[in-house]
Amino acid sequence: MPELPEVETVRRDLTARLLNKKIKAVEVLDLKLVGDLNNQLKGRSFTEILRRGKLLIFKSSRRGFFMLVHLKMTGQLIYLFKDQVSAGGHSLSNHSFEKAVGGELPNKHTRVIITFTDSSRLFFNDVRKFGYVKLVDEQELNRLIAKNYGPEPLEKLFDLIEFSNKLARRSINIKAALLDQKTVAGLGNIYVDEVLFAAGVRPQRPSSSLKMAEIAKIYQAIKKILTSAIKHRGTTFSNYVDGSGQKGNFSQKLKVYGRSKEKCVKCGSAIIKTKIAGRGTHYCGTCQS
DNA sequence: GTGTTTGTTATCAA
DNA sequence: CTTGATAACAAACA
């Protein structure tokens, strides 16, 4: 499940590899699309890759036009140099046969292929087809961001007082409030559970019931955990891979997510799993109150 | 066949 | 207009 750290890892990987490369062709294999990708992008290049929350924004050399990519649940963006075989999505093996089978692209989940003039390729894969690729102009992009996204948690505009005010006027539980991209952009199910564990706050607490000290702990935990997760190249729980098809390393650092019935790393109690805000939710009944 | 997985949006209710 | 609760989407896996 790509959340902010995973999307940021992909952004950095792709920025280092494909910036300013000329696009030879765009093949759309299966997707609901806005606009004609090939006609709009052929002969152009991407001059900058930005991110808002979990949304990737490819600035094109055609002034005022942007390609947006949302990975949603199972999307992947994998960039391969000419003749390179992806290493993503299968067990590590030195056998070239398995490597070729497991990593061969395109595969049946490939929806879009962008080929550059140096024969390198960018693959958009998505098993569950929730993700999208679309072209928008600057006005549409700005409208979309203003409507759907709160502050970036790792930027200075993420302000504790504003965050606290937002939480104070919501009656929903804190888990739902943090999943809301307008509260703060980029958290998803995994990192919300991790943040609330780090802050010692139960996910079912009404947002408006939180004390300032608790909100401050959550605020700090968001910054700390996201920063650390980016450093470890994200969490691979099912489908996520980075911009070259490799898994993330933060999975082993998770303290509650996916650890149902296992021992709490702090107190040894069994981690509880339940459903809150319609999502699988993990917490420690002893350390979080 | 059933339940579970989740980012986001649609839909409905208040 | 807002807020909140829930279903829906889609496909794989246990």
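Residue numbers begin at 1 in each chain, while the letters A, B, ... track the order of the sequences. Note that these values count all heavy atoms, side chains included, but never hydrogens, waters or copies made by symmetry.
- In this structure, N189(A) places its CG atom 13 Å from C1' of dT8(B), rounding to the nearest Å.
- Interatomic distance, R143(A) CZ to E140(A) CD, rounded to the nearest 0.5 Å: 4.5 Å.
- Rounding to the nearest 0.5 angstrom, the gap separating the CD atom in E194(A) from the CZ atom in R259(A) is 9.0 Å.
- Side-chain N/O atoms of Q181(A) include one lying less than 4.0 angstrom from OP1 or OP2 on dT8(B).
- Taking the ring pair (Phe, Tyr, Trp, His ring centres under 6.0 Å) definition, one finds that Y257(A) meets it with F237(A), H282(A), sequence neighbours left out.
- Atom name C1', nucleotides dC13(C) and dT8(B): the rounded distance is 23 Å, in whole Å.
- Judged by closest nucleotide on DNA chain B, E3(A) is the one of K147(A) and E3(A) placed further toward the 5' end.
- Distance CG (N107(A)) to P (dA12(C)): 11 Å, rounded to an integer number of Å.
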Which atom pairs link the protein and nucleotides 1-3 of chain B when you take only N or O atoms and keep those under 3.5 Å?
none

Once Watson-Crick and G-U wobble pairs under 3.5 Å are found, how is DNA chain C written in dot-bracket notation, 5' to 3', with | for any base paired to another strand? .||||||||.||||
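- A close approach under 4.0 Å does occur between a side-chain nitrogen or oxygen of K273(A) and OP1 or OP2 of dT5(B).
- Residue contacts shown for S171(A) are limited to sugar-phosphate atoms, with no base heavy atom under 4.0 Å away.
- For H70(A) and dG7(B), the NE2 to C1' distance is 6 Å, given to the nearest whole Å.
- No side-chain heavy atom of P206(A) sits under 4.5 Å from any side-chain heavy atom of N173(A).
- Side-chain proximity of L179(A) to dA5(C), dG7(B), dT5(B): nearest is dG7(B).
- Whole-Å rounding puts the K275(A) NZ to dT4(B) C1' distance at 7 Å.
- If you take CG of L178(A) and C1' of dG7(B), they are 15 Å apart, rounded to a whole angstrom.
- At a threshold of 4.0 angstrom between heavy atoms, the contacts of K182(A) with the nucleic acid are absent.
- In terms of phosphate contacts, K129(A) brings no side-chain nitrogen or oxygen within less than 4.0 Å of OP1 or OP2 of dC9(C).
- One distance of note links SG of C284(A) with NZ of K255(A); it measures 13.0 Å at 0.5 Å rounding.
- Taking atom CG on L71(A) and atom C1' on dA10(C), their separation rounds to 16 Å, with Å as the unit.
- As a whole-Å value, the separation of K72(A) NZ from dA10(C) C1' is 11 Å.
- To the nearest 0.5 angstrom, R52(A) atom CZ is 10.5 Å from Q181(A) atom CD.
- How far CZ of R121(A) is from NZ of K24(A): 10.5 Å, rounded to the nearest 0.5 Å.
- With dA8(C), dA12(C), dA10(C) as the choices, the nucleotide that has an atom nearest any side-chain atom of R128(A) turns out to be dA10(C).
- For the P atom pair drawn from dT9(B) and dA12(C), the interatomic distance equals 24 Å after rounding to whole Å.
- Residue I172(A) places its side chain closer to dA5(C) than to any other of dT8(B), dA12(C), dA5(C).
- Aromatic rings from Y132(A) and F130(A) are positioned such that their centres are separated by 6.0 Å or more.
- Put simply, CG on L135(A) and CG on L68(A) are 8.0 Å apart, with the number rounded to the nearest 0.5 Å.
- Look at CG on D180(A): it is 16 Å from P on dT6(C), rounded to the nearest Å.
- A side-chain donor-acceptor contact under 3.5 Å links Y79(A) and K21(A).
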